[in-house]
Amino acid sequence: MKIGYPCINRSLSCKGNRTFRLRSYTKERLQQTIQNNLDCLSQILRYNLDHGIFFFRISSDLIPFASHPICTFPWQRTFHNHFSKIGQFIKRHDIRISMHPDQFIVLNTPREDVFQRSVAELAYHAEVLDLMELDTTAKIQLHVGGIYGDKSQSIKRFINRFNVLDASIKRRLVIENDEKSYAIQDCLQVHDKTSIPILFDYFHHTLINNHEPLVDVLEHCRTTWMKKDGIPMVDYSSQKPHNTRGTHAEHLDSYDFTRFLHQSQPFDFDLMLEIKDKELSAVNALKIIQSTPRFIPPLHR
DNA sequence: AGTTGTCAAGCTAGT
DNA sequence: ACTAGCTTGACAACT
């Protein structure tokens with residue numbers, strides 16, 4: 001089991017997800033920002049290594065406007081060596097990598113223009129991982145999408161859209177259960193038709209589910225990950241107290257987390273902590289795991 | 001330096 | 001037909 005956190009490190013002074021407004025786009029500005037973001041990504045990975053964190057989600061803002069028509073700058077070529085070096089570091093230290101395109105990327109949208117933009121954005125994500133020369137255990141996670149008044153039609157549309165994607169995207173794509181529309185059972189239905197691995201989101205699962213025991217869900221999800229995909233990825237968060245249902249917690253809730261560790265016995269997976277205080281929770285989780293060694297899967301070193 | 005409005009992009013529920 | 005909320009941080013324009 002590797003422990004990870006998404007995109008941002010708040011202990012370091014650098015920011016790896018700097019961006020700017022479309023209005024202020026220049027190729028110089030873009031180049032500076034990419035340079036900054038790649039340098040900071042290197043620093044974050046080094047920090048993680050020093051703290052025993054071997055799982056990381058790279059920010060979608062790494063290359064601002066990468067899939068936007070305004071961006072004609074050949075960042076792939078210009079920063080080829082940067083990507084290559086970061087990739088070597090990742091591989092040398094056996095770091096697991098994921099990416100998570102944001103809410104605007106929707107494969108099952110009825111709108112052709114939205115679909116095309118989504119494909120372009122996915123291609124950018126795949127390109128980043130390819131430039132780092134990472135194998136297919138580096139994943140891009142996506143929700144199934146919207147309902148549009150007809151869930152089974154929308155699931156079919158997802159499947160049809162997935163089937164026409166480029167192989168470079170397909171081999172990295174995994175789907176994640178969301179907090180209001182598509183539960184694990186729905187994802188399994190998509191998996192049956194597409195063989196897409198399912199990334200289990202524990203927090204979302206507590207919000208919509210079909211009352212399946214956790215171990216059954218973990219077992220189902222496990223079988224969707226082939227050898228080439230690596231061990232399953234799981235997202236973990238908990239409810240922020242006294243807030244709208246679905247809000248992610250500020251800090252790791254050690255009681256809930258410990259219970260989750262016990263309940264998820266004996267499964268092994270790489271765990272992404274979607275907690276607002278990011279790397280602090282990851283370090284905290286490692287401490288909790290190490291203090292209850294008998295109950296938890298072997299920790300990656 | 002601090003505050004506030006705004007940002008490329010979507011979906012859903014509510015009016 | 002339109003808007004707020006989701007979740008979210010940070011840019012950018014303003015005091």
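So that the names make sense, note that chain A is the first sequence line, chain B the second, and so on, each numbered from 1.
- Taking side-chain N and O atoms only, Arg23(A) has a distance below 4.0 Å to OP1 or OP2 of dA13(C).
- Residue Ile70(A) is classed as having no contact, given no heavy-atom separation below 4.0 Å to the nucleic acid.
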With salt bridge (Lys or Arg N to Asp or Glu O under 4.0 Å) as the criterion, how do Lys139(A) and Asp229(A) come out once you've worked through the C-alpha distance, each side chain's angles and the decisive distance to 0.1 Å?
CA-CA 8 Å; Lys139(A) 294 300 186 190; Asp229(A) 300 313; 2.7 Å; yes
For Lys170(A) and Asp166(A): C-alpha separation, side-chain torsions, deciding distance, then whether salt bridge (Lys or Arg N to Asp or Glu O under 4.0 Å) applies.
CA-CA 6 Å; Lys170(A) 269 185 182 164; Asp166(A) 193 273; over 6 Å; no
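- For the pair Glu274(A) CD and dT7(C) P, the computed distance is 11 Å after rounding to whole Å.
- Contact annotation: Arg111(A) does not reach the phosphate of dA9(B) (side-chain N/O to OP1 or OP2, under 4.0 Å).
- Closest contact between the side chain of Arg21(A) and the listed nucleotides dA9(B), dG10(B), dA12(C) involves dA12(C).
- Within the 4.0 angstrom heavy-atom criterion, only backbone atoms of the sugar-phosphate kind lie near Tyr148(A); the bases stay farther away.
- Between dA10(C) and Arg18(A), no contact under 4.0 Å exists linking OP1 or OP2 to a side-chain N or O.
- Atom CD1 of residue Ile208(A) and atom CG of residue Asp186(A) lie 7.0 Å apart, to the nearest 0.5 angstrom.
- Contact between the side-chain N/O atoms of Arg29(A) and the OP1/OP2 oxygens of dA12(C) is found at a separation under 4.0 Å.
- Separating the P atom of dG10(B) from that of dA10(C) is a span of 23 Å, rounded to the nearest Å.
- Here Phe104(A) does not lie in a stacked arrangement on the base of dG10(B), lacking the combination of planes under 30° and ring centres under 5.5 Å apart.
- Contact annotation for Arg117(A): backbone-only contact, meaning every heavy-atom pair under 4.0 Å involves sugar-phosphate atoms and none involves a base.
- At a threshold of 4.0 angstrom between heavy atoms, the contacts of Ser181(A) with the nucleic acid are absent.
- When each of Phe73(A), Trp75(A), Phe20(A) is paired with Phe65(A), the ring pair (Phe, Tyr, Trp, His ring centres under 6.0 Å) condition holds for Phe20(A) and for no other.
- If you measure from atom CD of Gln116(A) to atom C1' of dG10(B), you get 16 Å, rounded to the nearest angstrom.
- For Tyr182(A) and His143(A), the distance between ring centers is not under 6.0 angstrom.
- Remark: C1' of dC7(B) and CG of Asp61(A) are 11 Å apart, rounded to the nearest angstrom.
- Residue Phe115(A) contributes atom CZ, which lies 13 Å from atom P of dC11(B) at whole-angstrom precision.
- Listed candidates were dA8(B), dC11(B), dA9(B). Nearest to the side chain of Ile105(A) is dA9(B).
- Once rounded to the nearest 0.5 Å, the distance linking CZ of Phe79(A) with CD1 of Ile86(A) reads 10.5 Å.
- Remark: dG9(C) base-pairs with dC7(B). Criterion, Watson-Crick or G-U wobble with two distances under 3.5 Å.
- Spacing between dG5(B) and dT7(C) at atom P, rounded to whole Å, works out to 22 Å.
- Using P as the reference atom, dA4(C) and dC7(B) are 14 Å apart when rounded to the nearest Å.
- For the P atoms, the distance linking dT6(B) with dT8(C) amounts to 22 Å, nearest Å.
- Searching all strands for a Watson-Crick or G-U wobble partner of dT15(C) with both distances below 3.5 Å returns dA1(B).
- Checking Ser24(A) against Lys278(A), the closest nucleotide of DNA chain C that is more toward the 5' end is the one next to Lys278(A).
- Each of dG10(B), dA8(B), dG9(C) was ranked by its minimum atom distance to the side chain of Val114(A); first place goes to dG10(B).
- When the C1' atom of dG9(C) is taken as reference, atom CD1 of Ile275(A) falls 18 Å away, rounded to whole Å.
- The CG atom of Asp178(A) sits 12 Å away from the P atom of dA13(B) (whole-angstrom rounding).
- When distances run from any side-chain atom of Asp102(A) to the nucleotides dA12(C), dG10(B), dA9(B), the shortest one goes to dA9(B).
- Nucleotide dA8(B) holds its P atom 17 Å from the CG atom of Asp113(A), rounded to whole Å.
- For Lys15(A) and dC11(C), the shortest distance from a side-chain N or O to OP1 or OP2 is not below 4.0 Å.
- Rounded to the nearest Å, the gap between the C1' atom of dA8(B) and that of dA1(C) is 23 Å.
- Taking CG from Leu261(A) and CD1 from Ile288(A), the interatomic distance works out to 7.5 Å, rounded to the nearest 0.5 Å.
- Rounded to whole Å, the distance from NZ on Lys180(A) to P on dG10(B) is 15 Å.
- Among dC11(B), dA12(C), dA8(B), the nucleotide with an atom closest to any side-chain atom of Pro110(A) is dC11(B).
- In this model, the phosphate group of dA9(B) is not approached by any side-chain N or O of Ser67(A) to a distance below 4.0 Å at OP1 or OP2.
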